[in-house]
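Below: one structure, written as structure tokens.
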2 protein chains.
Amino acid sequence: MARTDVPTRKRILDAAGKLFHADGIRAVSVDAVAEKSGLTKRTLYYHFRSKDDLIAAYLETRDQPNLALFQRWFAETEGTTADKVQGIFRQLSASARHPKWKGCGFLRTSVELIHLPGHPAILAGRAHKKRVEDWLCSVFEESRLPEDARLLARQVLLLLDGAFAVVLLHRDPSYMDSAGEAAAQLIRD
Amino acid sequence: MARTDVPTRKRILDAAGKLFHADGIRAVSVDAVAEKSGLTKRTLYYHFRSKDDLIAAYLETRDQPNLALFQRWFAETEGTTADKVQGIFRQLSASARHPKWKGCGFLRTSVELIHLPGHPAILAGRAHKKRVEDWLCSVFEESRLPEDARLLARQVLLLLDGAFAVVLLHRDPSYMDSAGEAAAQLIRD
DNA sequence: CAATGTATACCGACCAGTGAATATACTCAA
DNA sequence: TTGAGTATATTCACTGGTCGGTATACATTG
């Protein structure tokens, strides 16, 4: 239907999101996305120029919500900055207990496509990680001596992404808690 | 030649190794490996039951050398345990400056294939990471109070893998140094 | 009519894996 | 020593299937 352009596009993005999350980007064919969304492949190619275009659009929809979640978890935790950061890890640890948990979509997707340097997914992943780091940095600048803030933000990001990778690989959420403790220790120190 | 079975198999593994490292496992076709090794695909399938079998054999060849490298870097660095661990990160930081550096093959491959739970590459990655962690744990047990050793080993592993992922994604080896500093700080503390 | 959106059917390229035949080297009996 | 037999090693040509992407025609709506 011509009037209802948005729902069609959204249906495609929703279907793509589910499939990409479940099986990875490379493994999901455009045919599969079309079938899952109940539309024809040709219709999909009417709304998206290419599969890469679809991937980019899919990642865009995930960027802000992801950071917002971290910010909410940070804000909702009582205590020092170290406690609040550890709160993020604790919430992630709880999330990771769900059997369908697949870690950080940006990290996963970026590593999956790391061999294609200019790929939109790499750029999206890079931008997302930078956004998280910058937010952490601003948080530390507000509550601590400024010269440590950038380094500290980087180190917390390293622990965060390390935990995403290791928890995913070992299927053991307790690594997320170990990462949270390490982060708290680095911040407190 | 029947007498010289080993070289053929090795030629295939070498070719596969180069291609897998350069382009990723999924992206490399069996045809490509066959062509690179100067043999026919059918010959490849004579020596390896399947592509997965080839992948598993390829990863096996990378397991011990990788850990041995860490151990060498650890042993060759002077100073405290914290210094020695930081030495590993420093060496990795130097390695990461080579333009062809692609991070940890086990981590990259495991994340690439994470959606296939029983895949040999996942099992190999898991086993490799466990081996590194166990080695770190034994190192810490020898030089520190035993109850902290396991947690510390896990946290260093988290920093290590976080750095592998973040350095790869951002193409910025200095994250490896930040990880090393964090590790040293956790150990010293 | 004309623009937008959707569908059927198809393309060439590539994928992992295989069938059948062939070449090479080793074994052992005459 | 030689020649037949056998296991190993390799090749060419192929299969069924999937991939991303498209040519073309049909439908709906203003």
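Below, chains carry the letters A, B, ... as their sequence lines are ordered, and counting in each starts from 1.
- At a cut-off of 3.5 angstrom, counting only N and O atoms as typed in the model, there is a donor on one side and an acceptor on the other between the side-chain of B:R42 and the base of C:dG19.
- Regarding B:D23, its CG atom lies at a distance of 15 Å from the C1' atom of C:dC14, rounded to whole Å.
- On a pure distance criterion of 3.5 Å, a polar donor-acceptor pair joins the side chain of A:K41 and the base of D:dG21.
- Put simply, CD1 on B:I25 is 15 Å from P on C:dC15, counting in whole angstrom units.
- A ring-centre distance under 6.0 Å is found for B:W135 and B:F74.
- For the pair B:T43 and D:dA9, the criterion of a side-chain N or O lying under 4.0 Å from OP1 or OP2 is not met.
- Remark: C1' of D:dA9 and NE2 of B:H47 are 6 Å apart, rounded to the nearest angstrom.
- Nucleotides of DNA chain C nearest to A:D31 and A:G38 differ in position, and the one nearer the 5' end is that of A:G38.
- For the OP1/OP2 pair of C:dC15 and a distance below 4.0 Å, the side-chain nitrogens and oxygens of B:S29 include at least one atom meeting the criterion.
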B:E78 vs B:K84, salt bridge (charged side-chain N to carboxylate O under 4.0 Å, His left out): CA-CA, chis, key distance, verdict:
CA-CA 6 Å; B:E78 302 289 326; B:K84 285 166 164 289; over 6 Å; no
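- Put simply, CZ on B:F48 is 12 Å from P on D:dT10, counting in whole angstrom units.
- The side chain of B:T8 contributes an N or O atom lying less than 4.0 Å from OP1 or OP2 of D:dT10.
- The separation between B:Y45 atom OH and D:dT15 atom C1' is 13 Å, rounded to whole Å.
- Rounding to whole angstrom units, CG of residue B:L44 and C1' of C:dT18 are separated by 13 Å.
- Protein atom OH of B:Y46 is 18 Å distant from nucleotide atom C1' of D:dC12, rounded to whole Å.
- Contact check for B:I122 versus B:P117: no side-chain heavy atoms found under the 4.5 Å cut-off.
- Salt-bridge annotation for B:K18 and B:D14: absent, with no side-chain N of the basic residue lying under 4.0 Å from a carboxylate O of the acidic one.
- Rounded to a whole Å, the NZ atom of B:K51 is 15 Å from the P atom of C:dC14.
- Salt bridge A:R90/A:D177: absent, no basic N to carboxylate O contact under 4.0 Å.
- Of the listed nucleotides (D:dG20, C:dT8, C:dG17), C:dT8 has the atom at the smallest distance from the side chain of A:T40.
- At a threshold of 4.0 angstrom between heavy atoms, the contacts of A:V28 are confined to the sugar-phosphate backbone, with no base atom among them.
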